[in-house]
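First up is the structure itself, then whatever we jot down about it.
Both counts, for ligands and for their atoms, begin at 1 and track the order of listing.
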Amino acid sequence: MPAMGNPRLHDVLADVEPGTVVVFDLDATLLWSGPRHLKIAQDFGAFRAGAARAVANLSAEDFGYEADAALRAAGLKDKRLLREFKAFWGQKYFTSKYCLLDLPQPGAVDFVHAVEERGARVVYLTGRDEPKMGEGTRRSLAQHAFPLGRRTTLLLKPRPRMGDTEWKQEALPQVEALGRVVATFENEPRNANLFARRFPEATNVLMETVCSPGAEAALPQLVRTADFVI
Ligand SMILES: [Mg+2]
């Protein structure tokens, strides 16, 4: 699908001024993890011959939220191998090494720069955790030239076992202490709803990329976009 953007992204930039805050989630919001999924599948196929043929048919675009679904669709039917892959994936996916493979969503780098250049504080509020993914996350943002200076704040989960929404809720007072929140960007409806309730005056954007299965219904006031193209 071609990048479409959303005219409301211009409204967000119009609301940005010094003293304001814009909150960005990372996974499936600013970053696309298809290449990370693909590399994990390729590494699995490299030592499990039974999975090699299915893996060879895959591209990064084939991966949605659940990586094993892509392998099944590519022809891997062996339940034992699929279980083994899921465990392998779980060990690799949430790591600094593999998250370096993520790529920016269309328009994301320019949009975050536009927010920062207008004087807002950029807050990256992610469900990634500091112990396993902190180093890789900072390197990933730097290698794609996302803003990472004195007007940015990166908030990672301090403890890996916290739930994502629990963590984001807990972090909100820290976010509010940084300034007036004028916009939030998030792909999980549950988190986007949390922001919409906490910041009713802000533009709260739901990224229409992927989200967890069985996600709660998105509130009607959320603005929807699939990318950051303006
Ligand atoms: Mg996300």
| query | So which of the N, O or S atoms of Asp25 lies nearest the Mg ion (ligand 1)? | reply |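 Checking each N, O and S atom of Asp25, the shortest distance to the Mg ion (ligand 1) belongs to OD2.
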| query | Taking just the N, O or S atoms of Asp27, which one is nearest to the Mg ion (ligand 1)? | reply |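 That would be atom O.
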| field | the Mg ion (ligand 1) contact by Asn191, N, O or S atom under 2.8 Å | value |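 No.
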| request: Assess Lys92 against Phe88: is NZ or CZ under 6.0 Å from the centre of the six-membered ring, and within 45 degrees of the ring's axis? | output: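 Yes, Lys92 and Phe88 form such a contact.
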| request: For the pair Phe111 and Phe24, name the ring-plane relationship: parallel under 30°, tilted 30 to 60°, perpendicular over 60°. | output: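 Ring orientation, 0 to 90° scale: perpendicular.
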| query | Can you check whether Asp102's main-chain N or O pairs, donor with acceptor, with Arg36's side chain at less than 3.5 Å? | reply |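 No, Arg36 side chain to Asp102 backbone: no donor-acceptor pair under 3.5 Å.
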| query | What about the rings of Tyr93 and His37, do their centers lie closer together than 6.0 Å? | reply |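 Yes, the ring centres sit under 6.0 Å apart.
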